[in-house]
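By convention in this document, chain letters (A, B, ...) are assigned in the order of the sequence lines, proteins followed by strands, and residues within each chain are numbered from 1. Scope of the values below: all heavy atoms of this structure, side chains included, with no hydrogens, waters or symmetry mates. Quantities reported herein were computed from a predicted structural model and do not represent experimental measurements.
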There are 2 protein chains.
Amino acid sequence: MDQSLSFYLEQHQALINDYLEDYITNKPILSSLKTSMLYSIRAGGKRLRPILMMAACEAFGGKKKDVLPVAAALEMIHTYSLIHDDLPAMDDDDLRRGQPTNHKKFDEATAILAGDALLTLSFQTIMEAEGLSDIQKVHLVKKLSIASGALGMVAGQLMDMESEGKEIPLENLEQIHHLKTGRLISYALMSGAYIGGANESQLQSLVETADLLGIIFQIQDDILDVSGNAAKLGKPVGSDTINNKSTYPGILGIEGSLKTKNLYVNRAKTSLREAEVGNTMLFTLIDHLSDRDH
Amino acid sequence: MDQSLSFYLEQHQALINDYLEDYITNKPILSSLKTSMLYSIRAGGKRLRPILMMAACEAFGGKKKDVLPVAAALEMIHTYSLIHDDLPAMDDDDLRRGQPTNHKKFDEATAILAGDALLTLSFQTIMEAEGLSDIQKVHLVKKLSIASGALGMVAGQLMDMESEGKEIPLENLEQIHHLKTGRLISYALMSGAYIGGANESQLQSLVETADLLGIIFQIQDDILDVSGNAAKLGKPVGSDTINNKSTYPGILGIEGSLKTKNLYVNRAKTSLREAEVGNTMLFTLIDHLSDRDH
């Protein structure tokens, strides 16, 4: 990995980790609930969504401290969705990133409530952000609730569950991922640019980048599930096949998936240039999201 | 029941029911998800929280149409909390108001996601409210997330689960109900008054009414569980005892509970008079909440 990229990722991971840790720790939350919330927040991961949001904000000249609360809110929503997805009634996973899932570490009731609490706290976090105007807060919460709720992520999760064990056409698979993964990734890019001060025409160009980025992200996820390294992934390779999940390699083959991904990467880069941010870390991040090994 | 009160309740129930039905039905939500969300929304109940909010708004001269979206948002949060509370990992209830609970009617995964979707949609509803300013929206969402999340209802629910089967002192019981039930009832009163245009000093007087109302509500709930009518309640009498829940009658006896409740009712009425709304439907509603038979 490019040294400046790896420094950028580490620096921004630290920023988001510190913000999340401080924000939650400093709230007078019931101890057992806070422990469970922090357990999953600390389980960490790559913080791709918040880093993407921060990079988009910085690409348009915005300040880190203004975007951080919204990036943290998005990561809380991502984290709550993982806690609920792992529950026995959903994907029934015992491990997440090599550690016991929340309901295995604590219990199911605590995990459900920790998820509910993180979801609710995400909106509070944006409301309490000091560098944002009321107009910005309303815009950001409106878009976040649409992206993550019944019109976005939650619907994608239910469609995903309903399609398990069924052969579905590529169109449906793309719809599921668009809702389940794409909407939050798109939100990361669009809201970062919005906070950074992108104008209407730039935001318009970014919509395509944002949509493509979600698909690129998912294709790579599916490819890694077939050909990745279990130790790096923190989960067994081939779990999609075991769980009867429809995947890009399953429908298009590995070669076809790689070709499609590269096509999308090039289109995403083109629209990034149209938004006049072709020469920023955001550009580099697209390749990183596309080629990541975990 | 007083005829004007019963007319008021019916009229306002219809308003909130129509708003919820229209708002959710008109959203292009995945059909299976929408069905599950509407199932629990339609299961209805008394709509006490939204009616209280509307009455508080009207007491200060506010308009029904301005408060309705926020009242609907609060009812969505109340409904989501019931769906999640009923889950096997939580209270494990098969029936709610005489009908199968959401996870019994559908399945656990759908119930978890319908709850998540209603919680998220509640914030979207406020953001989309046409009659409110951005300042008001930010204030209302901030307070709602605090009242319903890790600092409020969700914490109360976890404390309640943790106290099951244990004898707990009255102080802890009051803390649980303050968080689990009181915070949303308090939010109903305070946000209604805020939208209606109450001034700072009036809001200050209402804080006490709001806190007391939550306790009054819970004492009556506990009394009904001991001495109520199962048909009217829609659940068996004595379920708190069966579930090993600490209750007011269990700690203070029925007589003691009634005395405490009346003391609180009188104090709540006094602070309502201090807020200069002693002569409104809000005043009548306190007696109604205190004496309701289901």
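- With a 4.5 angstrom heavy-atom cutoff, Leu113(A) touches chain B via backbone and side-chain atoms both.
- Between Val138(A) and the choices Val141(B), Val138(B), Ile126(B), the side chain to side chain contact (heavy atoms under 4.5 Å, CB included) rule is met once, by Val138(B).
- We find the CG-CG distance between Leu52(B) and Leu184(B) to be 11.5 Å, quoted to the nearest 0.5 Å.
- Between the CD1 atom in Ile185(B) and the CG atom in Leu48(B) there is a gap of 7.5 Å [rounded to 0.5 Å].
- Of the atoms belonging to Leu87(A), it is side-chain heavy atoms, and not backbone ones, that fall under 4.5 Å from chain B.
- The candidate with the highest count of non-hydrogen atom pairs below 4.5 Å against chain B, out of Leu119(A), Ile24(A), Leu121(A), is Leu119(A).
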Could you go step by step and tell me if Val70(A) and Leu144(A) meet the side-chain contact (heavy atoms from CB on, under 4.5 Å) rule?
CA-CA 9 Å; Val70(A) 187; Leu144(A) 182 57; 5.9 Å; no

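- Atom CG of Leu140(A) and atom CG of Leu132(A) lie 6.0 Å apart (nearest 0.5 Å).
- With a 4.5 angstrom heavy-atom cutoff, Met37(A) touches chain B only via side-chain atoms.
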Using a plain distance cut of 3.5 Å, could you tabulate donor-acceptor pairs between chain B and chain A?
| unit_1 | atom_1 | unit_2 | atom_2 | d |
| --- | --- | --- | --- | --- |
| Ser32(B) | OG | Glu162(A) | OE2 | 2.7 |
| His84(B) | ND1 | Asp116(A) | OD1 | 3.1 |
| His84(B) | ND1 | Asp116(A) | OD2 | 2.8 |
| Asp116(B) | OD1 | His84(A) | ND1 | 3.1 |
| Asp116(B) | OD2 | His84(A) | ND1 | 2.8 |
| Glu162(B) | OE2 | Ser32(A) | OG | 2.6 |

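- The minimum heavy-atom distance linking Ile176(A) with Gly156(A) is given by the pair CG2-O, 3.8 Å.
- Between chain A and the residues Pro28(B), Ala89(B), Gly149(B), the most heavy-atom pairs under 4.5 angstrom are made by Ala89(B).
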Dump the intermediate steps for side-chain contact (heavy atoms from CB on, under 4.5 Å) on Leu118(B) and Ile77(B), then the final yes or no.
CA-CA 7 Å; Leu118(B) 283 168; Ile77(B) 292 207; over 6 Å; no

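- The side chain to side chain contact (heavy atoms under 4.5 Å, CB included) search around Ala56(A) returns Leu189(A), Leu282(A), not counting sequence neighbours.
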